[in-house]
Amino acid sequence: MNNFISYHRLSKENKTLVKQLSAISIPNSVQEALKDPKWKEAMNEEMRSLQKNSIWKVVDLPIGKIPVGCRCVFTIKYKMDGTIERFKARLVTKGYTQTYGIDYIETFVPVAKINTVRILISLAVNLDWPLYQFDVKNVFLHWDLQE
């Protein structure tokens, strides 16, 4: 690989990031993740958060319905200098197994369009507003909103 790629023009931080990206593998299954204590802790952190926020309750399955499955998705969060910030595991549903009108009636995902973000950044720059960036570990989109 070194015969085809040159890293000499990269900054120190970018070299660190590139080395990290090629050195660490992301698991494709829970079985793989359980072999590494870092990934196991990431899964435990996700489960603690789900339990703390009481995001589910056990109910009887309606007759003729099939439960929606779930799986873990793994990723690595990096700091600006390319070092690892944390290992991240998320439990996600296999929503693609559901049929609109049969398994659900409506969808709601509160997201910001990129044009809205650009306008807010432009306002902040022009009006000298402070800007802050932060990472939210857990976001629960389907929640009771108090507006």
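Values reported hereafter were calculated over all heavy atoms of this structure, with side chains retained and with hydrogens, waters and symmetry mates removed.
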Is there a chain of hydrophobic side chains (I, L, V, M, F, W, Y, each step under 4.5 Å between heavy atoms) that links Val73 to Leu50?
no
State the CZ-OG distance between Phe74 and Ser29, to the nearest 0.5 angstrom.
7.0 Å
Under a 3.5 Å distance rule, please check whether Tyr100 uses its side chain to pair with a backbone N or O of Ile105 as donor and acceptor.
yes
Roughly how far, to the nearest 0.5 Å, is the NZ atom of Lys38 from the CZ atom of Arg86?
15.5 Å
Nearest heavy atoms of Leu61 and Pro67, plus distance in Å:
CD2-CD, 3.6 Å
Answer yes or no: is there a donor N or O on one side and an acceptor on the other, between the side chain of Gln98 and the main chain of Val68, under 3.5 Å?
no
So which heavy atom on Lys79 is nearest to which on Ile84, and how close?
CE-O, 4.1 Å
Rounded to the nearest 0.5 Å, what's the gap from CD1 on Ile114 to CD1 on Ile121? Could you check?
7.0 Å
Atom CE in Met43, atom NZ in Lys88: separation rounded to 0.5 Å?
16.0 Å
Working to the nearest 0.5 Å, report the span between CZ of Arg48 and CG of Asn53.
13.0 Å
Mark yes when over 12 heavy atoms from residues, nucleotides or ligands other than Ile66 sit less than 6.0 Å from its CD1; otherwise mark no.
no
For the CG atom of Asp36 and the CD atom of Glu41, what is their distance to the nearest 0.5 Å?
11.5 Å
Leu34 reachable from Ile76 in the ILVMFWY side-chain graph, under 4.5 Å edges:
yes
Following the transitive rule for hydrophobic clusters with a side-chain heavy-atom cut-off under 4.5 Å over Ile, Leu, Val, Met, Phe, Trp and Tyr, establish whether Leu131 and Ile119 coincide in one cluster.
no
Closest approach of Glu32 to Pro27 (non-hydrogen atoms, all atoms of both residues):
OE1-CA, 3.5 Å
